[in-house]
Amino acid sequence: MMNIVIRVNEETKKKMITYYDDKKRDNTPPYAIFQADEEDTVITLYESGKAMFQGISADVDAKMWQEINKQPTTYQPTKVKDYYYISAIGSDEVGTGDYFGPIVVTASYVNKKDIPHLEELSIQDSKQMTDDKILEIVPKIIKKIKYASIMLTNKEYNKRYGTTLNMNKIKAILHNKVILELMKKHQLKYDHIIIDEFAKEKKFFEYLKEVPLVVKEVTFLMKAENKNLSVACASIISRYIFLKEMDKLSQSLDIELPKGAGPQVDKIGKEIITKYGYEKLSTVAKLNFKNTERILKDN
Ligand code: MN
């Protein structure tokens, strides 16, 4: 039986109160804020900032909070009480706004206990993180957490989706598929499945009407990548795969493919047509974007 005492700051105190909220005992010892049970460990947090851990794996829990306590408070996600300190499966996609390159959707699983480690890597949404940073930290993240990704190539996109399906339906199909894939591969204990909201819940399930197997009990959150680390991880893993694929496509064409859908994209599109013809363009671009018209107009 171990008995470990550490000191924590105000910030960590707040985090502990949230974290153990659903594990609190009814009775609180004198001068304590709460006493809680998690698995074999009894945790007591005192007003003074003293935190006591008792039990056979007390060192594991104490170490986790010691690390959180050491952290500089640079990363400030919107810690929505119910969705931050939980174990979750989260999914997010990239490439839907880029003319060149695939659509990548990832579902990742973050256990509550992985949160301190991920915070240390200062995980953020892929939109707030530079590509260099993403290339540096994703290899570290995927060593730690479970994930599944789907890449929809431009060829498949143009064949199956280009004209008839709208982008939100594509997203719904791919999010559903990748979440189920992750759940099939691993036995996961989670509190919520969180999808970064791109459509209303009702619409999401409407899009999946013809899909035989549909994930149940999904939580849709706006800006979910800021509220839960499983979504943040899904976002940057997707971006990582997207960047690697863009590199590959650029090399195969010997032309550096730009991201987004702006004027530079049109310029490069024209260059591809001149050099290789339309057929080639259809293997690296999403043809139903307005860019295609502009690219073809002056050629
Ligand atoms: Mn998103």
Side-chain angles (χ1 to χ4, degrees), residues 75-80 82-84 86 88-110 118 121-131 133-135 137-138 141-142 145-154 157 161 165-183 190 192-208 214-215 217-246 259-262 286 288-289:
Y75 178 51
Q76 288 290 13
T78 321
K79 290 176 181 172
V80 178
D82 295 334
Y83 296 108
Y84 192 79
I86 60 169
I89 292 172
S91 65
D92 203 3
E93 84 289 327
V94 301
T96 53
D98 299 279
Y99 182 62
F100 294 118
I103 291 172
V104 182
V105 188
T106 299
S108 79
Y109 172 69
V110 170
L118 292 172
L121 294 171
S122 55
I123 309 294
Q124 291 154 30
D125 171 32
S126 70
K127 287 177 212 95
Q128 304 165 37
M129 208 180 258
T130 64
D131 291 344
K133 180 82 183 163
I134 287 173
L135 292 170
I137 69 170
V138 168
I141 294 169
I142 58 180
I145 65 164
K146 298 184 171 71
Y147 74 100
S149 292
I150 294 178
M151 184 166 80
L152 183 68
T153 64
N154 298 107
Y157 175 89
Y161 300 101
L165 286 187
N166 75 33
M167 194 59 99
N168 278 352
K169 186 162 180 176
I170 297 172
K171 288 186 197 174
I173 291 169
L174 296 177
H175 275 265
N176 179 62
K177 199 171 160 188
V178 79
I179 291 167
L180 290 174
E181 205 170 283
L182 179 67
M183 291 169 76
Y190 59 89
H192 288 282
I193 298 172
I194 301 170
I195 297 181
D196 184 31
E197 184 174 297
F198 55 84
K200 289 281 162 232
E201 186 171 345
K202 203 174 145 236
K203 269 276 173 200
F204 177 80
F205 289 109
E206 254 174 54
Y207 290 136
L208 297 173
V214 174
V215 63
E217 314 241 352
V218 183
T219 304
F220 295 88
L221 294 180
M222 304 261 278
K223 294 201 164 67
E225 63 276 0
N226 295 327
K227 295 170 184 163
N228 181 275
L229 289 177
S230 69
V231 184
C233 287
S235 167
I236 62 171
I237 294 169
S238 293
R239 180 77 180 170
Y240 179 88
I241 294 169
F242 176 83
L243 291 173
K244 290 281 182 191
E245 184 63 17
M246 283 291 266
K259 286 140 202 151
K286 301 178 187 78
N288 68 331
F289 277 41

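The basis for the numbers below is simple: all heavy atoms, side chains too, and nothing from hydrogens, waters or symmetry mates. Here, residue 1 is the first one in the sequence, and each next residue gets the next number. Each ligand, and each atom within it, is numbered from 1 in the order the structure gives.
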K.L.:
Looking at Y147, I'd like to know if its OH atom is crowded, meaning that more than 12 non-hydrogen atoms belonging to other residues, nucleotides or ligands lie closer than 6.0 Å.
P.N.:
no
K.L.:
Please give me the minimum heavy-atom distance between P102 and M151, naming the atom from each residue.
P.N.:
CB-CG, 3.5 Å
K.L.:
Is it true that atom NZ of K177 has more than 12 heavy atoms of other residues, nucleotides or ligands lying nearer than 6.0 Å?
P.N.:
no
K.L.:
Name the one of Y207, F198, F220 that satisfies ring pair (Phe, Tyr, Trp, His ring centres under 6.0 Å) with H175?
P.N.:
F198
K.L.:
Around the Mn ion (ligand 1), how many protein N, O or S atoms are there at under 2.8 Å?
P.N.:
2
K.L.:
Determine the minimum heavy-atom distance between T219 and H192, stating which atoms define it.
P.N.:
OG1-ND1, 3.4 Å
K.L.:
Which pair of non-hydrogen atoms, one from S108 and one from S230, has the smallest distance, and what is that distance?
P.N.:
OG-O, 2.7 Å
